[in-house]
There are 2 protein chains.
Amino acid sequence: MATRTAAQRRAEARAAYDAYLATCPARQLLDRISDKWVSLVLNALADGPLRYRDLERIIAGVSQKMLTQTLRALERDGLLSRTVTPAVPARVDYELTPLGRSLLPVMAAIKAWAETHIEEVRTARTDYDRGVAAELPAPRP
Amino acid sequence: MATRTAAQRRAEARAAYDAYLATCPARQLLDRISDKWVSLVLNALADGPLRYRDLERIIAGVSQKMLTQTLRALERDGLLSRTVTPAVPARVDYELTPLGRSLLPVMAAIKAWAETHIEEVRTARTDYDRGVAAELPAPRP
DNA sequence: CCGCATCCCACAAGATACTG
DNA sequence: CAGTATCTTGTGGGATGCGG
């Protein structure tokens with residue numbers, strides 16, 4: 001029969017929505033800055049250019065793989081520049097581009113909201129967790 | 001010997017850094033809004049309260065699991081309220097709290113930056129990809 | 001209508017080892 | 001120093017079916 005199943009219809013809706021989201025600028029930006037390492041790199045480079053090794057040291061827990069991957073992604077998006085100075089050993093500096101710098105105020109806005117409201121959020125969480133716990137009365141031994 | 005291996009030192013650094021990040025307000029906020037569905041739910045509820053079914057319909061590609069999971073997380077953080085109207089069938093409304101509403105300007109700032117600079121990013125990407133392609137000259141058969 | 005429990009897999013990311 | 005290459009593992013998220 002011509003009628004599609006519910007699963008099929010959902011799959012179609014998903015495909016269409018994914019396509020839409022792929023073109024949504026805000027979505028793309030969120031995908032970038034939401035990355036754990038991206039925000040840390042941006043923050044580290046806010047004060048000036050740094051070498052690969054310095055980034056690795058400052059962002060204490062990052063693996064080589066993730067650091068390189070992150071730097072490549074940001075370079076590709078034009079948010080930072082990569083400068084190779086041929087020497088032995090080689091030297092590579094990373095620096096925010098003007099485009100990258102223009103993103104810092106946005107990050108600052110996020111930070112500001114977070115710091116202003118974090119207490120409310122924490123309170124809400126403990127309240128919520130208490131409420132949930134209350135619905136499951138502790139078994140009396 | 002007392003000397004720790006490089007792997008051990010890195011593991012410790014990671015643990016310490018993870019602990020630090022877990023307490024960083026900005027990091028926590030990013031973890032929330034970076035979620036694909038969170039931003040969509042926030043956006044959908046910006047104009048007023050909606051029922052579960054309506055959200056499912058508006059956010060076309062979402063699975064039940066993710067929608068429920070997302071709504072619970074936002075409720076727990078005090079960003080939206082969940083109101084159950086006992087009836088048959090049951091009716092549940094979701095609505096942004098004042099705290100949730102206060103987040104909308106931040107989302108708007110992200111959106112604004114994205115829409116303003118998306119073209120630069122797109123240009124940077126194609127330039128970068130062309131450059132990479134140029135470094136790997138097509139194999140002459 | 002609203003939601004939870006279960007199974008399952010694809011993919012992200014860490015560990016490790018090796019090069020220019 | 002600044003990466004690349006390969007392997008392995010953890011987990012986010014989809015599909016499905018049941019319960020209030």
Side-chain angles (χ1 to χ4, degrees), chain A residues 4-15 17-18 21 31-32 34-38 40-41 49-75 80-95 132 135-136, chain B residues 4-15 17-18 21 31-32 34-38 40-41 49-76 80-94 132 135-136:
Chain A
R4 293 157 303 174
T5 65
Q8 279 176 322
R9 264 183 286 107
R10 229 187 351 195
E12 285 170 28
R14 158 85 60 38
Y17 212 61
D18 282 354
L21 287 178
D31 284 344
R32 265 282 156 281
S34 70
D35 188 288
K36 179 181 177 179
W37 304 117
V38 165
L40 295 172
V41 167
L50 287 173
R51 300 180 58 170
Y52 183 90
R53 200 66 170 78
D54 295 327
L55 284 167
E56 202 174 17
R57 196 171 36 73
I58 294 175
I59 306 173
V62 72
S63 65
Q64 289 180 334
K65 179 183 173 180
M66 291 319 295
L67 182 55
T68 301
Q69 202 173 96
T70 303
L71 290 169
R72 286 288 185 283
L74 292 175
E75 186 194 0
L80 58 77
S81 65
R82 178 169 177 274
T83 312
V84 182
T85 308
V88 178
R91 174 194 177 110
V92 182
D93 284 274
Y94 292 91
E95 182 173 16
V132 170
E135 283 166 22
L136 305 171
Chain B
R4 292 156 304 174
T5 66
Q8 279 177 320
R9 263 184 287 109
R10 230 190 348 203
E12 285 171 28
R14 255 176 61 60
Y17 212 60
D18 283 355
L21 287 179
D31 283 345
R32 266 282 158 280
S34 69
D35 188 289
K36 180 179 177 181
W37 305 118
V38 165
L40 294 172
V41 167
L50 287 173
R51 299 181 59 172
Y52 184 89
R53 200 66 169 79
D54 295 327
L55 284 167
E56 202 173 18
R57 197 172 33 74
I58 294 176
I59 306 172
V62 72
S63 65
Q64 289 180 337
K65 179 182 174 181
M66 291 319 295
L67 182 53
T68 300
Q69 201 174 97
T70 302
L71 290 169
R72 285 291 183 281
L74 292 176
E75 186 194 1
R76 187 171 110 96
L80 58 77
S81 63
R82 178 170 177 274
T83 312
V84 182
T85 309
V88 178
R91 172 192 177 114
V92 182
D93 285 273
Y94 292 92
V132 170
E135 282 166 23
L136 303 171

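Lettering follows sequence order; numbering is per chain, from 1. This one's a predicted model, so the numbers in the text were calculated from it and none came from an experiment.
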Novice: Return the value, rounded to whole Å, for the distance between atom CG of B:D35 and atom C1' of D:dG13.
Specialist: 10 Å

Novice: Tell me: CZ of B:R57 to P of C:dC2, nearest whole Å?
Specialist: 11 Å

Novice: Nearest-Å distance, CD (A:E56) to P (C:dG14)?
Specialist: 13 Å

Novice: Let me test you: for the helix from C:dC1-D:dG20 to C:dG20-D:dC1, what is the angle between the axes at its two ends (five pairs each), rounded to 10 degrees?
Specialist: 50°

Novice: Just by protein heavy atoms under 4.0 Å, how would nucleotides 1-6 of chain D read 5' to 3' in B, S and -?
Specialist: SSBB--

Novice: Report the residues that fulfil salt bridge (Lys or Arg N to Asp or Glu O under 4.0 Å) with A:R51, sequence neighbours left out, ordered by chain and then residue number.
Specialist: none

Novice: Is there side-chain contact between B:V38 and B:V41, with at least one heavy-atom pair below 4.5 Å?
Specialist: no

Novice: In chain order, what residues pass the side-chain hydrogen bond (donor to acceptor under 3.5 Å, both in side chains) check against A:T68, with sequence neighbours excluded?
Specialist: A:Y52

Novice: Any side-chain heavy atom of A:L40 sitting closer than 4.5 Å to one from A:L55?
Specialist: no

Novice: Return the set of residues passing side-chain contact (heavy atoms from CB on, under 4.5 Å) with B:V84 (not counting sequence neighbours), or none when no residue passes.
Specialist: B:R82, B:V92

Novice: Can you name the side-chain hydrogen bond (donor to acceptor under 3.5 Å, both in side chains) partners of A:R91, sequence neighbours left out?
Specialist: A:D93

Novice: Taking CD from B:Q69 and P from D:dG12, how many angstroms apart are they, rounded to a whole number?
Specialist: 8 Å

Novice: Send over the distance from A:D31 CG to C:dA12 P, rounded to a whole Å.
Specialist: 12 Å

Novice: Would you kindly give the CZ-to-P distance between B:R32 and D:dG12, to the nearest whole Å?
Specialist: 12 Å

Novice: The criterion is side-chain hydrogen bond (donor to acceptor under 3.5 Å, both in side chains); which residues satisfy it with B:R57, sequence neighbours excluded?
Specialist: B:D54

Novice: Go through the structure and list residues passing side-chain contact (heavy atoms from CB on, under 4.5 Å) with A:R32, not counting sequence neighbours.
Specialist: A:A73, A:L74, A:D77, B:R125

Novice: Calculate the interatomic distance between A:L40 atom CG and C:dA13 atom C1'; express it in whole Å.
Specialist: 15 Å

